[in-house]
Number of protein chains: 2
Amino acid sequence: MIKLGKLTDYAIAVMGQLVHEAADSPAHDKEGAMSSSAHYLASRTGIPEPTIAKVLKMLAKGGLVTSMRGAAGGYRLAKPADQISIGEIIAVMDGPIAIVGCVEEDKEHCNMWETCPTKENWGRVNDAIKSALDGVKLQDMLSTPACGNVPDFTKDVDADCA
Amino acid sequence: MIKLGKLTDYAIAVMGQLVHEAADSPAHDKEGAMSSSAHYLASRTGIPEPTIAKVLKMLAKGGLVTSMRGAAGGYRLAKPADQISIGEIIAVMDGPIAIVGCVEEDKEHCNMWETCPTKENWGRVNDAIKSALDGVKLQDMLSTPACGNVPDFTKDVDADCA
DNA sequence: TAGAAACAGGACTTTTTTAGTACGATAAAG
DNA sequence: CTTTATCGTACTAAAAAAGTCCTGTTTCTA
Ligand code: SF4
Ligand code: SF4
């Protein structure tokens with residue numbers, strides 16, 4: 001159906017929450033302050049903790065959030081919210097935007113890449129999609145409800161985005 | 001991974017084949033001539049017959065091909081190849097282009113559609129994707145190998161598109 | 001230094017989606 | 001009335017995604 005995975009939804013919700021946390025930070029002057037734990041974020045967003053933990057790990061591995069271990073550790077955004085595109089988030093969560101097999105390096109996977117005349121067109125389409133996705137920033141998406149398909153636990157979140 | 005389903009690949013391959021058939025048609029002047037059976041198309045494309053039959057049924061239901069039953073029946077393109085966009089094909093095979101739940105009529109599915117401020121942005125993104133997909137026509141994609149992921153049976157097809 | 005809090009990484013299970021198959025019914029041509 | 005072919009749908013199997021859990025490492029605090 002050409003739709004995003006649930007984890008991607010969660011990711012946007014979680015990162016949105018991180019934006020809020022950063023904004024509400026009491027120690028706003030200090031640089032290395034504010035970080036939110038998976039546990040805390042789970043309670044704020046309503047997303048089950050094991051799942052949100054997985055999402056955060058993926059985001060950390062993708063470099064969209066930075067993590068700190070140990071007590072008082074947690075996660076924080078790696079960049080300002082207006083410099084993170086939803087294209088990046090999708091790329092980290094759902095893998096690279098590649099509607100056909102040959103767009104990314106995986107040229108090997110198709111046994112006729114050399115002679116295929118359609119790949120140019122697919123590439124063009126793919127680029128168009130990618131830039132559409134890169135044009136919208138996390139900042140633009142805010143006010144919490146991340147997106148669709150997320151059934152119920154978005155409910156206690158909207159207290160924040162009134 | 002934001003990729004197309006296999007059936008969509010098949011669909012483009014099959015429709016490409018139908019374009020060839022129409023072009024090679026001996027009775028090119030007569031209007032109601034040429035139609036190719038699922039069996040024949042299966043043998044030409046190498047796609048297993050039950051599967052291709054399913055694809056053709058979906059395409060017929062979606063109005064992209066017209067069908068005729070009975071002996072000497074079969075399928076043919078409903079429109080010229082340069083008037084069929086891959087967006088249409090994807091819409092028929094994979095469902096509507098809707099990366100988030102609320103884009104299509106299904107506003108019911110999300111319990112906070114009324115108050116959600118992000119839907120506008122998603123709509124914008126979705127439209128961009130849709131128009132990228134609608135900009136490329138079946139005609140542009142031709143010379144057979146439909147696309148990716150299709151493992152092997154694209155092999156005997158490329159005799160046609162040399 | 002011991003313990004608690006928190007992330008890292010990966011293995012595992014369950015659920016959902018997609019792909020593929022099969023069959024009885026209907027329709028047209030000869 | 002028999003043959004060829006689509007129609008519709010139900011079913012099964014395979015693949016992918018989502019969700020869970022465990023074991024190890026890091027860091028803070030008492
Ligand atoms: S949360 Fe907003 S954007 Fe997402 S499905 Fe609901 S109304 Fe649409
Ligand atoms: S058939 Fe062409 S467009 Fe499709 S994956 Fe292979 S090289 Fe790419």
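By convention in this document, chain letters (A, B, ...) are assigned in the order of the sequence lines, proteins followed by strands, and residues within each chain are numbered from 1. Note that these values count all heavy atoms, side chains included, but never hydrogens, waters or copies made by symmetry. Quick caveat: nothing in here was measured; it's all calculated off a predicted structure.
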So, OP1 or OP2 of D:dT4: does either fall under 4.0 Å of a side-chain N or O from B:Ser37?
no
Supply the atom-to-atom distance B:Ile86 CD1 to A:Ile99 CD1, rounded to the nearest 0.5 angstrom.
6.0 Å
Is there a side-chain contact between A:Thr51 and the phosphate of D:dT20, meaning an N or O under 4.0 Å from OP1 or OP2?
yes
Using the side-chain heavy atoms of B:Pro48, tell me which of these nucleotides is nearest: D:dC28, D:dT6, C:dT21.
C:dT21
From CD1 of B:Ile52 across to C1' of C:dT21 the rounded distance in Å is 15 Å
Return the 5'-most residue of the pair B:Asp94, A:Lys57 with respect to DNA chain C, ranking by each residue's nearest nucleotide.
A:Lys57
Measure NZ/B:Lys3 against P/C:dT17 and give the value in whole Å, please.
15 Å
Between P of D:dA5 and CG of B:Leu41, the distance in whole Å
11 Å
First encountered from the 5' end of DNA chain D, between B:His39 and A:Leu7:
B:His39
In plain terms, say whether B:Lys79 and B:Glu88 are close enough for a salt bridge, that is, a side-chain N and a carboxylate O under 4.0 Å apart.
yes
Kindly say whether, by distance alone, the side chain of B:Arg69 makes a donor-acceptor pair under 3.5 Å with the base of D:dT6?
yes
Note: for B:Ser36 and A:Gly70 on DNA chain D, the residue whose nearest nucleotide lies more 5' is B:Ser36
What is the separation between atom NZ on B:Lys6 and atom P on D:dA13, rounded to the nearest whole Å?
17 Å
Rounded to whole angstrom units, what separation is found between the OH atom of B:Tyr40 and the P atom of D:dT4?
18 Å
Rounded to whole Å, the CD-C1' distance (B:Glu49 to C:dA19) equals 17 Å
Using a cut-off of 4.0 Å on non-hydrogen atoms, how would the nucleic acid contact of B:Ala53 be classed: base, sugar-phosphate, or nothing?
nothing
B:Leu4 CG to C:dT18 P, in whole Å, measures 12 Å
Which of these nucleotides, D:dT4, D:dC7, C:dA19, is closest to any side-chain atom of B:Ala71?
D:dT4
Are any side-chain N or O atoms of A:Asp82 and backbone N or O atoms of A:Leu138, one a donor and one an acceptor, separated by less than 3.5 Å?
no
For a quick check of understanding: with a heavy-atom distance under 4.0 Å over all strands, which category does B:Lys54 fall into, base, sugar-phosphate or nothing?
base
Determine the minimum heavy-atom distance between B:Ile97 and B:Asn126, stating which atoms define it.
O-ND2, 2.9 Å
Taking any heavy-atom pair under 4.0 Å as a contact, classify A:Leu56: base, sugar-phosphate, or nothing.
nothing
Atom CE of A:Met93 to atom C1' of D:dG19: distance rounded to whole Å?
12 Å
Mind listing the side-chain donor-acceptor pairs of residues 56-64 of chain A below 3.5 Å, one per line with the distance, residues two or more places apart or on another chain?
none

Are OP1 or OP2 of D:dA18 and a side-chain N or O of A:Tyr10 less than 4.0 angstrom apart?
no
